[in-house]
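Structure record follows, encoded as structure tokens.
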Amino acid sequence: RILFQLQAHGLKSVTRAGGGEPFESPHWRYAVNLAHDMGLDQGCYSYLPGLDQEMADFLAGRMQFVYTHSCKTRHLTKPKGNATWTYGFLLDSENWRKVLGMAARVDWNFFDYCDFRPLAPENKLDPTVLDYSWIPEGLKLLVETQRRFPRVRHADYKFIRMESPREYSTCFSTDFTTCIGPNADVYECTNRRGFPDSILGNLLTEDLASIWKRKKRCRSDLSGCRLQCRNDSMNRTLFTIFGEEMQHVNFT
């Protein structure tokens with residue numbers, strides 16, 4: 001019912017991600033099949049518990065991308081299908097020097113890419129836990145790693161932004177995104193799932209149109225937001241247009 005509601009409002013794709021491991025649900029095959037039959041593109045971020053050849057082939061035939069941090073694949077053959085398989089690593093001050101070894105551990109007969117991202121704190125940076133002074137040297141090592149393993153990927157800006165304060169004071173991207181929790185709570189955005197003040201409603205008791213009407217067009221209190229949210233790039237662009245000082249010629 002929820003998928004059909006969303007599709008009626010223009011939904012084109014579904015991403016199944018954490019906040020609870022989606023593939024621990026006994027109904028995940030039904031959900032994936034249903035979205036596939038509806039013509040929706042699909043992707044997932046998952047630890048892929050219990051991955052075997054049948055599950056890999058099933059996902060490859062119904063998803064566009066599969067991103068995982070932890071699964072054993074060397075006993076499997078590359079599944080046929082359209083899915084792009086990516087193995088992801090999170091880097092911090094303790095493990096960044098091991099990048100070459102991490103890339104060497106990837107099952108390159110199975111995975112299409114290996115992606116490296118910085119470990120981001122949920123809120124304010126705690127220097128006793130996360131130190132980002134390693135990033136300049138870490139980026140050099142990532143470039144070297146990519147020479148050895150051409151299918152290694154990383155985005156420089158994700159690392160550089162970890163040491164840069166936000167230049168925007170208002171979040172406009174909340175008007176373009178949302179997140180549905182495992183209990184059908186609708187959150188203001190993906191990065192604020194679990195925040196009670198960001199719950200807009202619940203799709204088990206209301207329809208999407210009613211919930212969306214009460215959604216704010218922007219957020220000015222960013223105190224609880226993670227330092228590098230998924231909408232950071234979008235916000236930086238939007239703030240130059242709609243921010244405190246409009247800078248885009250088409251909006252002056």
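At least one side-chain heavy atom of Met55 sits less than 4.5 Å from a side-chain heavy atom of Arg29. At least one side-chain heavy atom of Phe176 sits less than 4.5 Å from a side-chain heavy atom of Leu238. Counting heavy atoms from C-beta on, the side chains of Leu119 and Asn95 never come closer than 4.5 Å. The shortest distance between side-chain heavy atoms of Val66 and Cys44 falls below 4.5 Å. Side chains of Tyr67 and Thr15 form no contact here, defined as non-hydrogen atoms less than 4.5 Å apart. You'll find the side chain of Gln7 stays beyond 4.5 Å of the side chain of Val14, heavy atoms only. Inter-residue side-chain proximity for Leu222 and Cys171 is flagged as met; some heavy-atom pair is nearer than 4.5 Å. Counting only heavy atoms from C-beta outward, the side chains of Cys189 and Arg219 never approach each other to under 4.5 Å.
Listed for the Arg151 side chain is a donor-acceptor partner under 3.5 Å among the backbone atoms of Phe111. At distances below 3.5 Å, not a single donor-acceptor pair connects side-chain atoms of Asp175 with backbone N or O atoms of Cys218. Of the possible donor and acceptor atoms, one in the side chain of Asp207 sits under 3.5 Å from a partner among the backbone N and O of Ser210. Without hydrogens or angle criteria, Trp85 side chain to Thr68 main chain gives no donor-acceptor distance under 3.5 Å. Looking at Asn202, its side chain does come within 3.5 Å of a backbone N or O of Asn183 through a donor-acceptor pair. His69 places no side-chain N or O within 3.5 Å of a backbone atom of Tyr47 that could act as its donor or acceptor partner. When atom types are taken as modelled, the side chain of Thr237 and the backbone of Ser233 share a donor-acceptor pair closer than 3.5 angstrom. Gln64 contributes a side-chain N or O that, together with a main-chain N or O of Gln42, makes up a donor-acceptor pair within less than 3.5 Å.
Residue Thr170 holds its OG1 atom at 13.5 Å from CZ of Arg217, rounded to the nearest 0.5 Å. One distance of note links NZ of Lys98 with CZ of Phe89; it measures 11.5 Å at 0.5 Å rounding. Rounding to the nearest 0.5 angstrom, the gap separating the SG atom in Cys114 from the OH atom in Tyr87 is 8.5 Å. Separating the CZ atom in Phe239 from the CZ atom in Phe172 is a distance of 6.5 Å, to the nearest 0.5 Å. The distance from the OG1 atom of Thr73 to the CG atom of Asp52 is 12.5 Å, given to the nearest 0.5 Å. Here Asp57 contributes atom CG and Lys80 contributes atom NZ; the two are 9.0 Å apart, rounded to the nearest 0.5 Å.
Using a 4.0 Å cut-off between a side-chain N of Lys or Arg and a carboxylate O of Asp or Glu, Lys78 and Asp112 qualify as a salt bridge. Under a 4.0 Å N-O distance rule, the pair Lys213/Glu206 does not qualify as a salt bridge.
In terms of heavy-atom proximity, Lys215 sits nearest to Thr178 at NZ-CB, 3.8 Å. The nearest pair of heavy atoms linking Leu141 to Trp96 is CD2-O, 3.4 Å.
Using modelled atom types, one finds a donor on one side chain and an acceptor on the other under 3.5 Å when comparing Glu21 with Ser46. No side-chain donor-acceptor contact under 3.5 Å links Asp115 and Thr86.
By the neighbour-count criterion of 12 heavy atoms within 6.0 Å, atom CZ of Arg74 is densely surrounded, having more than that number from other residues, nucleotides or ligands. More than 12 heavy atoms of other residues, nucleotides or ligands sit less than 6.0 Å from atom CZ of Arg214. Heavy-atom contacts from other residues, nucleotides or ligands closer than 6.0 Å to NZ of Lys216 number 12 or fewer.
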Cut-off 3.5 Å, no hydrogens considered: what does the side-chain donor-acceptor table look like for residues 30-39, sequence neighbours left out?
{"unit_1": "Asn33", "atom_1": "OD1", "unit_2": "Arg62", "atom_2": "NE", "d": "2.6"}

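Between Phe149 and Tyr113, the distance from one ring center to the other does not fall under 6.0 angstrom.
The salt bridge (Lys or Arg N to Asp or Glu O under 4.0 Å) test applied to Glu137 returns Lys140, not counting sequence neighbours.
Residue pairs meeting the salt bridge (Lys or Arg N to Asp or Glu O under 4.0 Å) criterion with at least one partner in residues 152-162, sequence neighbours excluded, are Arg161-Glu167, Arg161-Asp232.
Between Arg192 and the choices Asp221, Asp185, Asp197, the salt bridge (charged side-chain N to carboxylate O under 4.0 Å, His left out) rule is met once, by Asp197.
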